[in-house]
Amino acid sequence: MPHFSNKKIIVLLVSTVFLVALIGFSLSNRHNATLPEQIIKDTVGFAQSLVAKPASYITGIYGNIEALLNTYDENKRLKSRLEDFVVLQSEVDGLKSENKKLREIIDKEESLREYQPIHATVIARNPDQWEEKLILNKGQVHGIEKNMAVMTAQGLIGKIIAVTPFTSEVELLYTNNANYRVSALVQGEKEDIAGLIEGYDGERNELILKRIDSNKEIEVGKHVVTSGLGGIFPKGILIGEVTEVTTEDFGLTKMAFVKPSSDFAMLENVIIAKREVTSVDGSDGSGTNVNLTDPPEEEGEE
C-alpha cells in the first residue's frame, strides 16, 4: 500500500510539472495565435468592419447636416446685419444730402469744424518744460503760423506759439501760463454746456474747466470738446473726460476736472490744424480779457 501511494505521488508531480511547462510554453508564444484563435479574430474583425462602416457613414451624414444648419444660421445672421448696414448707409446718405441742402440754403461757405491737417513730428522737448512745450519739424515754409491748433489722433494737445522757417514751438495744455484758455463744451444728451479750460491741477494731473453755469448739471464721464469759438481750435476736437465737478466763486459758477484724452508723455506724431475760417484774438488767442465787441477808445477819452 505504501508503494502504491508513492507511485501516485510521483505521477501527480510529473503531471503537474508537465502542465506548468505547457502553460509556460503557451504564454511564451502568445503572440502567435492558434488556428482557432485566428478564425475567431478574423470573424469578429469582419463583423466589426461591417458595423463600423455604416455607422461612420451615418455619423458623417449627421455631421454634414449639422454643418449645413450652422452655415444656414450664420448666413441668416449675416443677411440681417447686411440689411441693417444698408439701412444705416441710407440714413447716413440722407443726412449728408440734408446737410448739403441746409448749407446751400443758409449760404454758409465756412464751418467751425473745417481745417486743413498738416502732419508734423516732435523733434525736441526741453527737460525743464517737458509738460509745457515741444518743438516740431514744420515751420513757415510748410504753411505753419502762430496760434494754429495742434492735436494727436486721441485729441487736442496745444497750439503753436512761435514759428521759424523750418520749425515751430507748441505750448501744451499742461502749461503753467495763467492766460492760456481754450473755449470748450461738455457734451450732453440734451444740450452742450460751455466752459473754459484754464490751467491744470499738477497733483491730479488733470485740466481744469471753469466758468460753467451753476444751473447746468454735468455728469462725470462726459466728453469735453473744443467749441470752435475764438478762431484757434476747430470745433469738436476731443479734449478729455470729466472726472469730478465742484463749485467755485461762492457757488456762482461750477468747475470740473478733465482727464486729457492724449498722453502728453508720449508725443511723437501730431497734426497741425490750419483753420479754414478767419482767426480772431478771442478766448483761444492771447488769453486777454479784452471785450472784442467794443470799439477802441480814442486817445484823450476818459
Side-chain angles (χ1 to χ4, degrees), residues 122 125-136 147-161 169-230 232-273 282-289:
V122 178
R125 295 185 74 165
N126 189 335
D128 296 332
Q129 296 179 313
W130 188 267
E131 297 290 352
E132 296 186 29
K133 297 179 181 179
L134 52 84
I135 305 299
L136 306 180
N147 280 336
M148 285 185 174
V150 184
M151 69 192 80
T152 65
Q154 288 72 40
L156 185 70
I157 63 171
K159 67 177 180 181
I160 303 293
I161 59 171
E169 184 177 0
V170 179
E171 187 172 18
L172 301 174
L173 294 178
Y174 272 7
T175 180
N176 287 316
N177 183 358
N179 292 324
Y180 196 101
R181 299 188 181 98
V182 179
S183 181
L185 295 173
V186 180
Q187 294 181 326
E189 297 180 358
K190 297 182 179 179
E191 63 174 346
D192 295 339
I193 302 171
L196 283 177
I197 295 290
E198 296 185 88
Y200 83 104
D201 188 306
E203 294 182 358
R204 299 174 62 104
N205 213 27
E206 294 179 344
L207 303 171
I208 301 175
L209 182 66
K210 297 183 177 181
R211 308 194 188 190
I212 304 170
D213 190 340
S214 60
N215 295 321
K216 303 295 184 180
E217 294 296 330
I218 298 178
E219 297 180 6
V220 172
K222 292 297 183 181
H223 287 162
V224 179
V225 299
T226 55
S227 69
L229 302 178
I232 302 297
F233 304 101
K235 184 178 181 179
I237 300 177
L238 182 62
I239 297 176
E241 180 180 295
V242 175
T243 60
E244 183 182 348
V245 181
T246 182
T247 58
E248 62 172 349
D249 295 339
F250 304 99
L252 298 178
T253 58
K254 288 183 178 180
M255 180 179 71
F257 292 98
V258 180
K259 181 181 180 182
S261 56
S262 294
D263 184 359
F264 287 78
M266 299 293 294
L267 296 174
E268 295 181 1
N269 301 309
V270 300
I271 301 171
I272 304 172
S283 62
D284 290 342
S286 62
T288 63
N289 292 318

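Computed from a predicted model, the values in this text were never measured in an experiment.
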Could you check whether any side-chain heavy atom of [X] comes within less than 4.5 Å of a side-chain heavy atom of [Y], counting everything from C-beta outward?
| X | Y | result |
| --- | --- | --- |
| Ile193 | Asp213 | no |
| Ile218 | Val242 | yes |
| Lys222 | Val245 | no |
| Phe233 | Met151 | no |
| Leu173 | Val182 | yes |
| Arg181 | Arg211 | yes |

Inset, instruction - List in chain and number order the residues that pass side-chain contact (heavy atoms from CB on, under 4.5 Å) with Thr152, two or more places apart in sequence or in another chain; answer none if no residue qualifies. - result: Gln154, Ile157, Ser262, Leu267, Val270
Legend entry - side-chain contact (heavy atoms from CB on, under 4.5 Å) partners of Glu169, counting only residues at least two apart: Lys133, Ile135, Ile161, Ala162
[X] side chain vs [Y] backbone, donor-acceptor pair below 3.5 Å:
| X | Y | result |
| --- | --- | --- |
| Thr253 | Ser214 | no |
| Thr243 | Phe257 | yes |
| Thr226 | Ile237 | yes |

Inset, instruction - Determine, step by step, whether Ile212 and Met255 satisfy the side-chain contact (heavy atoms from CB on, under 4.5 Å) criterion, reporting the C-alpha distance in whole Å, the side-chain angles of both residues, the deciding distance to 0.1 Å, and the verdict. - result: CA-CA 6 Å; Ile212 304 170; Met255 180 179 71; 5.8 Å; no
Legend entry - salt bridge (Lys or Arg N to Asp or Glu O under 4.0 Å): pairs with one or both residues in residues 252-266, sequence neighbours excluded: Glu217-Lys254
Legend entry - Pairs satisfying salt bridge (Lys or Arg N to Asp or Glu O under 4.0 Å), at least one member in residues 199-210, at least two apart: Arg204-Glu206, Arg204-Glu244
Hey, could you give me the [atom1]/[atom2] distance between [X] and [Y], rounded to the nearest 0.5 Å?
| X | Y | atom1 | atom2 | answer |
| --- | --- | --- | --- | --- |
| Ser261 | Leu156 | OG | CG | 8.0 Å |
| Ile208 | Glu198 | CD1 | CD | 9.0 Å |
| Tyr180 | Leu196 | OH | CG | 13.0 Å |

Inset, instruction - Begin with the C-alpha distance, continue with both residues' side-chain angles, and end with the deciding distance and a verdict on side-chain contact (heavy atoms from CB on, under 4.5 Å) for Ile239 and Ile197. - result: CA-CA 9 Å; Ile239 297 176; Ile197 295 290; 4.2 Å; yes
Inset, instruction - Run through Leu134, Asn177, Ile160 and flag the one making a side chain to side chain contact (heavy atoms under 4.5 Å, CB included) with Glu171. - result: Asn177
Legend entry - side-chain contact (heavy atoms from CB on, under 4.5 Å) between Val224 and Leu185, intermediate numbers included: CA-CA 6 Å; Val224 179; Leu185 295 173; over 6 Å; no
Inset, instruction - State which residues pass ring-ring contact (aromatic ring centres under 6.0 Å, His included) with Phe264; sequence neighbours excluded, sorted by chain then number. - result: Tyr174
Inset, instruction - For Asn176, enumerate each residue passing the side-chain hydrogen bond (donor to acceptor under 3.5 Å, both in side chains) test, keeping only those at least two apart in sequence or located in another chain. - result: Glu132
Inset, instruction - Kindly give the heavy-atom pair with the smallest separation between Leu172 and Arg125, and that separation in Å. - result: CD1-NH2, 3.7 Å
